[in-house]
Amino acid sequence: MSHTPHELAEEFPDKVAQMHELKESDAHFRKLFDEYHEVNRAVHRAETNVEPTDEAHEATLRKQRLALKDQIAAML
């Protein structure tokens, strides 16, 4: 599979070490982090038609990804 855009390390390149520490020490952060990656992969699969979906579902996935990213950013 090709490179998946919007990975958290790319979104917050200056926070990679902090994200790693939080994944190890904060269960809530780890849950948000894992959920973000799951939703991000789903968006990528929809965008590349690996798993085609309707526009409404794809938009919902994008909104979920943004909400998770906002929560993660607030914790960083």
Side-chain angles (χ1 to χ4, degrees):
M1 178 167 254
S2 65
H3 171 71
T4 305
H6 299 285
E7 293 291 337
L8 288 171
E10 293 173 354
E11 298 291 317
F12 304 106
D14 58 329
K15 305 287 188 186
V16 172
Q18 185 180 2
M19 284 189 288
H20 179 73
E21 290 174 22
L22 283 169
K23 282 191 316 185
E24 299 294 317
S25 64
D26 187 322
H28 179 64
F29 182 86
R30 183 173 42 251
K31 179 181 178 287
L32 291 174
F33 185 91
D34 291 344
E35 190 175 346
Y36 176 90
H37 283 289
E38 184 179 316
V39 172
N40 189 44
R41 284 186 204 98
V43 169
H44 181 66
R45 289 190 306 268
E47 289 174 342
T48 58
N49 287 320
V50 170
E51 291 180 16
T53 187
D54 61 61
E55 289 181 24
H57 184 250
E58 194 172 325
T60 299
L61 288 171
R62 285 191 182 118
K63 288 176 185 175
Q64 281 182 304
R65 178 176 66 186
L66 183 58
L68 289 164
K69 182 179 169 185
D70 286 348
Q71 291 177 62
I72 289 167
M75 293 181 78
L76 295 173

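Heads up: numbering here begins at 1 and tracks the sequence. No experiment lies behind these values; they were computed from the predicted model shown.
Taking hydrophobic clusters as Ile, Leu, Val, Met, Phe, Trp and Tyr residues chained together by side-chain heavy-atom distances below 4.5 Å, Val50 does not share a cluster with Val39. Met75 is not connected to Leu66 by any chain of hydrophobic side-chain contacts under 4.5 Å among Ile, Leu, Val, Met, Phe, Trp and Tyr, and they are in different clusters.
Across all non-hydrogen atoms, the minimal contact from Pro5 to His44 is CD-ND1, 3.3 Å. Nearest heavy atoms, His57 versus Asp54: N-OD1, 2.7 Å. Minimum interatomic distance between Phe12 and Ile72 (heavy atoms only, all atoms of both residues): CE1-CG2, 4.4 Å.
To the nearest 0.5 Å, the span separating CG on Leu76 from NZ on Lys15 amounts to 6.5 Å.
Enclosure of atom CD in Glu38 is not indicated, since only 12 or fewer non-hydrogen atoms of other residues, nucleotides or ligands lie within 6.0 angstrom.
Residues in residues 62-76 take part in these side-chain hydrogen bond (donor to acceptor under 3.5 Å, both in side chains) pairs, two or more places apart or across chains: Glu11-Lys69, Asn40-Arg65, Glu47-Arg62, Glu58-Arg62.
Side chains of Met19 and Phe29 form a contact here, defined as non-hydrogen atoms less than 4.5 Å apart. Contact of the His37 side chain with the Leu8 side chain is registered, since non-hydrogen atoms from C-beta on lie closer than 4.5 Å.
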